[in-house]
Amino acid sequence: MRIETITLRELRMRLKAPFETSSEVTWDRRVLLVEVGVDGLHGWGEITAAEDPFYNAETTDTAWHITKDFIAPFIIGKEVGNAAEIGNLLAPIRGHEMAKAGVENAVWDIEAQQHGVPLAKLLSGTRQEIPCGVSIGIQPSTSTLLEKIECEVRAGYQRIKLKIKPGKDVQVVAEVRRHYPGIRLMVDANSAYRLEDLEILKTFDEYQLLMIEQPLAWDDIFQHSLLQAQLRTAICLDECIHNPSHADAAIRLGACRIINIKLGRVGGHTVARQVHDISVRHSIPVWCGGMLESGVGRAHNIAMSALPGFVLPGDVSASQRYWDEDIIEPEVEVGPAGTIRVPVTSGLGYSVRRKRVESLTVRQEQWHA
Ligand code: OSB
Ligand code: MG
């Protein structure tokens, strides 16, 4: 296939409610969409960079710059046999995985359409439905948190993840456990702790957590291996894992027992599948993380989550939890058992509401072969 057009758009989308982690509060999302045109077909991808560099080093603006000045010129007019070859063309660009994933995933969508199969199937996915959990941001009070949890548990979600930070951690978890002794519960620290906080981190061992996600520095696998050796609770790495080599190092060092795979953080479906495969070989369960995506990114997350190693519920939840109105149709819905059906129609399996995309677009740039 020859890459004929690339369109990069920035959309403003306000979340239904602010989302607070240990490092930031997000309300107004600046969503970047990539649309690629090949032979009359259009594929969509989302660049999942945040507005600020507090999750990883990328931001909306660095991703725009890298896409405009490097990614688009490297691939426009190029002939590729399949989506997996996009990675080779972009290999000279170091880092910027989220920016690269936007284009690569759009080409995966096209390849699935060309074969007339759902993207999940093209990726070798085997699930008909995927198990879903929710990620709940830090709340102003424990009572509001308990209300949120009640609502999500009633909706059927299979696992609750709480964002934590120093001072809003063990007591909050203890209170939640007291009210919900049986739920599958986990916490995500987004790198808010140091090895010196060992005593605090050890106290989580009393609460039967499924895992503690990324407690230490965003770029330090070795320190997580020292911590994991001292904890009964499984560590799950998020921020630290960008490629199969990181996953291999983390697994062999014993730095984690679970891996969160985010398409953006690893640079797209090709590398995501490699991280999945290496994890499966080592019997390390994986699950799909989220970046407060629009429907386009969500649809890609659903396709990836159909792979057999995604045995734990992901942070992939209903469109309505995030947006008054999503940009895809149908919107992503979660059934009473806390699952999403993997689409069976070709490509992404959801259509992009072009009119709505245009009305939310605040800047746009296009490249032609
Ligand atoms: O660490 O998993 C994270 C959101 C933004 C940045 C980082 C993370 C998150 C989430 C939300 O946990 C997941 C979602 O619901 O999209
Ligand atoms: Mg995380």
Side-chain angles (χ1 to χ4, degrees), residues 13 15-32 46-60 63 97-98 101 130-139 145 148-149 151-152 155 157-165 185-193 209-219 224 234-242 250 256 258-266 286-302 304-305 312-323 326 332 334 338 340:
M13 292 179 73
L15 291 164
K16 277 184 161 177
F19 186 84
E20 182 173 347
T21 72
S22 63
S23 52
E24 62 190 318
V25 182
T26 307
W27 197 350
D28 288 300
R29 292 281 356 265
R30 297 173 63 192
V31 171
L32 295 182
E46 178 166 342
I47 297 177
T48 60
E51 293 70 25
D52 46 46
F54 306 151
Y55 165 78
N56 65 358
E58 295 185 78
T59 71
T60 316
E97 290 85 358
M98 289 172 161
I130 62 163
C132 307
V134 291
S135 173
I136 303 181
I138 294 169
Q139 299 296 314
L145 175 60
K148 286 242 146 81
I149 294 172
C151 167
E152 307 295 12
Y157 285 103
Q158 298 185 12
R159 179 226 70 194
I160 303 288
K161 162 168 139 183
L162 309 177
K163 291 288 187 179
I164 54 163
K165 65 178 180 184
L185 186 65
M186 61 173 287
V187 293
D188 185 356
N190 289 108
S191 302
Y193 297 87
L209 299 179
L210 262 183
M211 67 194 94
I212 172 166
E213 185 178 345
Q214 196 71 37
L216 306 179
W218 64 283
D219 58 351
H224 281 95
I235 290 177
C236 168
L237 288 179
D238 172 356
E239 282 88 329
C240 276
I241 307 296
H242 296 245
C256 64
I258 298 173
I259 291 178
N260 162 333
I261 301 181
K262 287 183 182 169
L263 274 169
R265 200 194 63 229
V266 303
V286 303
W287 55 278
C288 175
M291 288 297 296
L292 308 173
E293 290 93 343
S294 79
V296 170
R298 201 166 301 284
H300 278 284
N301 287 343
I302 293 167
M304 173 175 77
S305 302
L312 294 168
D315 283 343
V316 188
S317 51
S319 298
Q320 277 297 319
R321 288 192 65 247
Y322 303 85
W323 319 109
D326 207 339
V332 174
V334 169
I340 294 173

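Every number for a ligand or one of its atoms is a count from 1 in the order of the listing.
- When non-hydrogen atoms are compared, ligand 1 lies under 4.0 Å from neither the backbone nor the side chain of T26.
- Side-chain atoms of E293 and H300, non-hydrogen and from C-beta on, never get closer than 4.5 Å to each other.
- Contact annotation: for T21 versus ligand 1, there are no heavy atoms closer than 4.0 Å.
- Taking distance alone, with nitrogen or oxygen atoms compared against 3.5 Å, K161 approaches ligand 1 more closely than that limit.
- Between the side chain of T59 and the backbone N or O of E51, no donor-acceptor pair lies under 3.5 Å.
- Taking only nitrogen or oxygen atoms, main chain and side chain alike, E239 does not reach within less than 3.5 Å of ligand 1.
- Residues I130 and I302 form a side-chain contact, since some pair of their non-hydrogen atoms from C-beta on lies under 4.5 Å apart.
- A donor-acceptor pair shorter than 3.5 Å can be found between the side chains of N190 and E239.
- Proximity to M291 (heavy-atom distance under 4.0 Å) selects the following atoms of ligand 1: 6 (C), 7 (C), 16 (O).
- Remark: minimum distance from atom 13 (C) of ligand 1 to any protein heavy atom is reached at G290 O, 3.5 Å.
- Residue S317 places no N or O, backbone or side chain, under 3.5 Å from any N or O of ligand 1.
- Distances between N or O atoms of R321 and those of ligand 1 include no value under 3.5 Å.
- Residue K163 has at least one N or O atom closer than 3.5 Å to an N or O atom of ligand 1.
- Heavy-atom distances between Q214 and ligand 1 stay at or above 4.0 Å for every pair.
- Using a cut-off of 2.8 Å, one finds that D188 contributes an N/O/S atom close to the Mg ion (ligand 2).
- Considering only heavy atoms from C-beta on, Y55 comes within 4.5 Å of D238 through its side chain.
- Electrostatic pairing of D315 and R159 counts as a salt bridge here, judged by a charged N lying under 4.0 Å from a carboxylate O.
- The atom of E213 nearest to the Mg ion (ligand 2) is OE2, with the search restricted to N, O or S atoms.
- Distances from atom 14 (C) of ligand 1 to the heavy atoms of W218, Y322, F19 put Y322 nearest.
- A cation-pi contact, defined as under 6.0 Å to the ring centre and within 45° of the axis, is absent between R29 and Y322.
- Salt bridge K165/E20: present, at least one basic N to carboxylate O contact under 4.0 Å.
- Annotation: side chain of E46 is in contact with side chain of S294 (closest heavy-atom distance under 4.5 Å).
- At a heavy-atom cutoff of 4.0 Å, ligand 1 is contacted by no atom of V134, backbone or side chain.
- Using a 4.5 Å heavy-atom cutoff, the side chains of Q320 and K16 are in contact.
- Salt-bridge annotation for E213 and K161: present, with a side-chain N of the basic residue lying under 4.0 Å from a carboxylate O of the acidic one.
- A donor-acceptor pair under 3.5 Å links the side-chain atoms of R298 to the main chain of S317, judged by distance alone.
- Taking backbone and side-chain atoms together, D315 has no N/O/S atom less than 2.8 Å away from the Mg ion (ligand 2).
- Each of the atoms 1 (O), 3 (C) of ligand 1 lies under 4.0 Å from some heavy atom of N190.
- In this structure, E213 counts as a contact residue of ligand 1, since one of its heavy atoms falls inside 4.0 Å of the ligand.
- A donor-acceptor contact shorter than 3.5 Å links the side chain of H224 to the backbone of L216.
- At a 3.5 angstrom cut-off on N or O pairs, E24 does not count as close to ligand 1.
- Close approach of ligand 1 to K262 (heavy-atom distance below 4.0 Å) involves ligand atoms 1 (O), 2 (O), 3 (C), 7 (C), 8 (C).
- Atoms of ligand 1 found under 4.0 Å from any heavy atom of S135, numbered from 1 in the order shown, are 10 (C), 11 (C), 12 (O), 13 (C).
- Numbered from 1 in the order shown, with element, the atoms of ligand 1 that lie under 4.0 Å from a heavy atom of D238 read 1 (O), 2 (O), 3 (C).
- Taking the N/O/S atoms of D238 in turn, the shortest distance to the Mg ion (ligand 2) belongs to OD2.
- Residue, atom and distance of the protein heavy atom nearest to atom 16 (O) of ligand 1 are L292 N, 2.9 Å.
- For E58 (side chain) and M98 (main-chain N/O), a donor-acceptor pair under 3.5 Å exists by modelled atom type.
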